[in-house]
Amino acid sequence: MEVKILSAKFDIKDAHMLEVAKQHGAYSQLDKLFSMEPVAVIEEVKNSGLRGRGGAGFPAGLKWSFLPKGLNKPVYLTVNSDESEPATFKDRYILVRDPHMMIEGIIICCYAIGCHDAYIYIRGEYTSQVKALQKAIDEAYAAGYLGEKVAGHDFKLDVTVHRGAGAYICGEETALLESIEGKKGQPRSKPPFPAVEGLYGCPTIINNVQTIASLPYIIENGAAAYKQYGTEKSPGTHLFGISGHVNKPGMYELPLGLPILDVIEKVAGGVLNGKKLKAIIPGGSSTPVQTPEDAKDLTLDYESMAAHKTMFGSGGIVVLDETVDIVKLVENLAQFYHHESCGQCTPCREGLGWILKIVKKILRGDGTSADIDLLVELCDNIEMKTVCVLSAACTMPVRSYLIKFRHEFEAYVKKGASAQANVKQG
Ligand SMILES: Cc1cc2nc3c(=O)[nH]c(=O)nc-3n(C[C@H](O)[C@H](O)[C@H](O)COP(=O)(O)O)c2cc1C
């Protein structure tokens with residue numbers, strides 16, 4: 001089932017180093033790139049059907065084509081390497097094992113969109129990754145792949161690494177821009193969208209690491225070759241991080257469209273120690289949960305996820321076995337999102353705290369059935385009433401656990417009520 005496009009060099013010794021990467025094809029597409037018109041590059045990427053790998057799945061070439069033409073302003077590219085969504089660990093493989101693939105992707109994107117200054121925004125906690133990335137960028141400058149004349153062509157490109165300070169919200173594209181500008185990382189209202197008014201008020205494209213790293217393959221082999229993988233509407237391959245209760249957790253590159261249960265069984269070695277599967281988080285902590293029954297016909301592509309009222313997200317699949325306490329899981333989830341709320345919007349700042357308090361109350365044994373209803377009501381009232389979707393990244397999964405595993409919340413309520421009755425009787 002596994003495919004090696006993005007991960008082709010991951011297991012080659014020292015492939016993060018320029019000399020080794022070049023022996024395996026790095027930067028070999030630049031002459032071809034510069035022989036093409038920028039619009040032809042955008043067209044090729046559009047035809048490939050490549051969709052953004054940061055979570056929303058927006059078509060990359062289409063996003064690039066939204067840049068206004070004829071403005072007398074610089075155009076910026078920002079590569080989103082924040083990778084803070086719990087259960088997500090794909091971009092770090094690219095940053096450490098094949099950074100030159102991403103740098104070549106940056107050159108391709110910048111040439112296509114007319115950008116001469118690109119930024120890579122990397123999460124604060126990625127200490128070793130930032131070192132590896134900066135080393136690769138320094139090598140690329142020294143070899144003339146970045147700087148005044150990219151690979152000897154009449155095209156200037158500078159790449160700057162900007163390290164975050166460890167805030168999940170700075171993965172949201174406009175909070176990320178604020179952060180690069182030296183401000184508090186809080187999302188902007190949209191519109192205007194960054195493609196029109198982004199970094200320093202200039203047109204800006206924001207793409208995920210994996211989206212950008214997919215470009216060298218597309219330029220080398222063409223859109224049709226890329227579309228051989230995946231489904232019609234979700235073409236290509238994806239780096240899936242599979243974690244939780246499986247026998248072989250890890251990062252696997254797979255074509256989109258495979259049945260999720262087959263992937264868990266055949267790729268990740270099945271549920272750990274032969275235990276029963278309880279649930280699956282399909283694409284990072286913010287995606288609504290799937291029961292084994294839901295997942296029977298769930299495939300790893302954007303359309304199937306939407307049909308199952310969940311999301312493809314970041315491709316971080318978490319497998320939960322029968323021993324998992326869903327109420328404790330929800331407490332953990334709410335704790336994370338409450339902590340990471342930037343505080344700008346009241347429903348998110350206050351509401352996520354209320355979700356956490358009520359879940360804690362239920363866990364303590366002080367909850368009632370009305371509290372479970374109240375949690376659902378809170379989710380409904382928080383969602384889509386904020387500047388960005390961080391709050392929804394909490395309420396969407398929380399609601400799914402409340403609905404699909406209500407009996408586990410009720411069990412805590414019952415246990416608490418009988419303990420209190422015993423105390424009274426005693
Ligand atoms: C709270 C929040 C966190 C996000 N974190 C990330 C992230 O860590 N990495 C990422 O690529 N996209 C993240 N996104 C999505 C970005 O806003 C944006 O859609 C993405 O970087 C666009 O790139 P793509 O089109 O290549 O997917 C996040 C969104 C939200 C709302």
Side-chain angles (χ1 to χ4, degrees), residues 6 45-46 48-66 76-92 94-95 102 105-106 109 113 118-126 129 164 166-180 185-190 193-195 198-199 204-215 218 234 236 238-239 241 283-287 302 311-316 333 336-345 348 352 383-384 386-397:
L6 290 156
V45 175
K46 258 190 191 169
S48 75
L50 172 67
R51 297 173 65 162
R53 303 303 195 208
F58 194 82
L62 186 62
K63 188 192 277 191
W64 301 358
S65 68
F66 289 156
Y76 293 114
L77 167 70
T78 305
V79 183
N80 194 339
S81 316
D82 196 62
E83 187 147 79
S84 302
E85 168 94 351
T88 310
F89 51 93
K90 63 184 179 65
D91 296 341
R92 73 169 81 162
I94 297 172
L95 297 170
M102 183 180 75
I106 290 175
C109 176
I113 65 173
Y119 289 84
I120 303 171
Y121 189 93
I122 186 163
R123 71 178 282 186
E125 296 90 340
Y126 272 5
Q129 291 83 354
Y168 172 73
I169 192 59
C170 288
E172 194 281 336
E173 56 185 16
T174 58
L176 181 155
L177 297 179
E178 290 283 296
S179 177
I180 294 181
Q186 291 191 322
R188 300 174 181 170
S189 304
K190 294 185 255 187
F193 288 93
L199 192 61
T204 303
I205 290 298
I206 299 147
N207 272 136
N208 171 260
V209 168
Q210 196 193 325
T211 315
I212 293 293
S214 303
L215 299 173
I218 294 170
S234 298
H238 201 286
L239 301 176
S285 62
S286 61
T287 57
Y302 297 94
M311 288 178 318
F312 188 88
S314 59
L333 193 79
F336 172 79
Y337 285 97
H338 172 52
H339 178 73
E340 294 295 339
S341 170
C342 78
Q344 181 175 207
C345 309
C348 179
L352 301 190
E383 213 164 294
M384 305 319 245
T386 48
V387 167
C388 85
V389 293
L390 182 142
S391 60
C394 179
T395 56
M396 289 185 309

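Note that ligands are numbered from 1 as they come in the structure, with each ligand's atoms numbered from 1 the same way. Note that the coordinates shown come from a computational prediction; the quantities given were computed from them, not determined experimentally.
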Is the side chain of [X] donor-acceptor paired with the backbone N or O of [Y] at a distance under 3.5 Å, no angle test?
| X | Y | answer |
| --- | --- | --- |
| Gln210 | Lys90 | no |
| Glu172 | Ala175 | yes |
| Thr88 | Gly284 | no |
| Ser341 | His338 | no |
| Ser234 | Tyr302 | yes |
| Glu178 | Arg188 | no |
| Gln129 | Leu95 | no |
| Glu83 | Arg123 | no |

Under 4.0 angstrom from ligand 1, any heavy atom of Glu85?
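Outside the 4.0 Å threshold, so no.
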
Q) Is Arg123 near ligand 1, meaning one of its heavy atoms is under 4.0 Å from it? A) no

Tell me: protein heavy atom nearest [atom], and distance?
| atom | value |
| --- | --- |
| atom 8 (O) of ligand 1 | Glu83 N, 2.9 Å |
| atom 29 (C) of ligand 1 | Glu172 CA, 3.7 Å |
| atom 27 (O) of ligand 1 | Gly54 N, 2.7 Å |
| atom 23 (O) of ligand 1 | Asn208 N, 3.3 Å |
| atom 25 (O) of ligand 1 | Lys63 NZ, 2.9 Å |
| atom 1 (C) of ligand 1 | Tyr168 CE2, 3.6 Å |

So if I count the atoms of ligand 1 from 1 in the order they appear, which ones are less than 4.0 Å from some heavy atom of [X]?
| X | result |
| --- | --- |
| Val389 | 31 (C) |
| Asn80 | 6 (C), 7 (C), 9 (N), 10 (C), 11 (O), 12 (N), 13 (C), 16 (C), 21 (O) |
| Ile206 | 21 (O), 22 (C), 23 (O) |
| Glu173 | 16 (C), 17 (O), 18 (C), 19 (O) |
| Arg53 | 26 (O), 27 (O) |
| Ser84 | 8 (O) |

CD (Glu173) and CG (Asn80) are apart, to the nearest 0.5 Å, by 8.0 Å

Parallel, tilted or perpendicular, as decided by the 30° and 60° cut-offs, for the rings of Tyr76 and Tyr119: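 Correct class here is perpendicular.
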
Counting heavy atoms under 4.0 Å, the part of Thr211 that contacts ligand 1 is side chain

I want to know if ligand 1 touches Gly171 in the polar sense, i.e. an N/O pair below 3.5 angstrom.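 Min N/O separation from ligand 1 is below 3.5 Å for Gly171.
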
